[in-house]
2 protein chains.
Amino acid sequence: MKHHTTAARDHFTIGQLATLTGTKPVTIRYYERTGLLSPANRSAAGYRLYTPNERDRLDFIRRCRRLGLGLDEVRALLRLSDDRAAPCRQVDAIIHRQLEQVRERIRDLQSLERELERLELGCQAETVEACKIIEALSRRDEPTPV
Amino acid sequence: MKHHTTAARDHFTIGQLATLTGTKPVTIRYYERTGLLSPANRSAAGYRLYTPNERDRLDFIRRCRRLGLGLDEVRALLRLSDDRAAPCRQVDAIIHRQLEQVRERIRDLQSLERELERLELGCQAETVEACKIIEALSRRDEPTPV
DNA sequence: GCTTGACCTTGTAGCGACTATAACCTTCAT
DNA sequence: ATGAAGGTTATAGTCGCTACAAGGTCAAGC
């Protein structure tokens, strides 16, 4: 009732699917182009039509993306989830690798944070002339002393 | 003595500058194209030749990049550092904004980390059939209960 | 029946900060 | 004189979208 488009109970247009899954139509088409979603069925006029199954698949993809997984990892997980007999170990491995990467990025960002804090606190100057930040950024690393 | 190229004391080729600053030649050319570095002088044969001044400038850029600043911010800082009378406040602002962004990214990544830990611990299955990770990723959000 | 406007279609180009490739030229040591 | 290791340009690719242009379709109101 929000739109004039009539939504059948069991299939959606791309825009409806987009709203349902918090994606944008362009992104859904992009997923289709790149093989994350298989080509959708079409209406007589050529509109993509989606089933609840395809909605589930897109939800799956979006959850993976929210975990920061790349599309290649998502593809791998989709393939695994389609194969009920596949070893769960491979799923674990993907999640574990991602966790390691996230932790590494956190460590990197934390050292950045410390560096930026140091810079920020160090400067009470008025003009760039005396600015400790600019000075720090310009400082030639002391040449190895003799 | 490491290479066959003769390095004059006061100017470097692009490769020498690259080694000195931990950059790659392509990146230096990219900086020139996008206006971060002004066009280098050329040798008779068309090779770019750099002075220690230009090395300092590139070092400055690299330090900024290591702090995670975008090239636009670097451009702004370079402009400020060239103007000794400019108010230091603007430098502060750039650093402060970056610090805020870094902190936000850390928070985001930490919540990702927790989510991934939860997933990882939850699964001891053998096959995807019973895999709790796949299950969690596939779970339709519980429809609002009546 | 016609218009309006929101939707859909395709294709192409752009983002940031590089990286990769190709095809060619220069310098230096042997 | 040759070969390797530099340098030059231009162009396209990366990732995960996003923006735009030019058009076709659908439902509703008049």
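Lettering follows sequence order; numbering is per chain, from 1.
In this structure, OG on A:Ser111 lies 7.5 Å from CD on A:Glu115, to the nearest 0.5 angstrom.
Residue B:Phe12 is not grouped with residue B:Tyr47 when hydrophobic side chains (ILVMFWY) are merged at heavy-atom distances under 4.5 angstrom, including chains of intermediate members.
The side chain of A:Leu71 approaches D:dC17 more closely than any other nucleotide in the set C:dC18, D:dT9, D:dC17. Closest to the side chain of B:Val26, out of C:dT9, D:dG7, C:dT19, is C:dT19. Closest approach to the B:Ala45 side chain among C:dT26, D:dG16, D:dG7 is made by C:dT26 (side chain taken as heavy atoms from C-beta onward).
Checking the phosphate oxygens (OP1, OP2) of D:dG7, no side-chain nitrogen or oxygen of B:Arg48 falls inside 4.0 Å. Applying the 4.0 Å criterion to OP1 and OP2 of D:dT9, one finds that B:Arg42 has a side-chain N or O inside that range.
Counting non-hydrogen atoms under 4.0 angstrom, B:Arg65 reaches the backbone sugars and phosphates but no base. Residue B:Arg33 is out of contact with every strand shown, counting any heavy-atom pair closer than 4.0 Å.
If you check distances only, the side chain of A:Tyr47 does reach the base of D:dG24 with a donor-acceptor pair under 3.5 Å.
Scanning for salt bridge (Lys or Arg N to Asp or Glu O under 4.0 Å) contacts around A:Arg66 gives an empty result, with sequence neighbours left out.
One can place CD1 of B:Ile28 at 9 Å from P of D:dG7, the figure rounded to the nearest angstrom.
Checked options B:Leu17, B:Ile14, B:Thr13; the residue passing with B:Arg48 is B:Ile14 (criterion: side-chain contact (heavy atoms from CB on, under 4.5 Å)).
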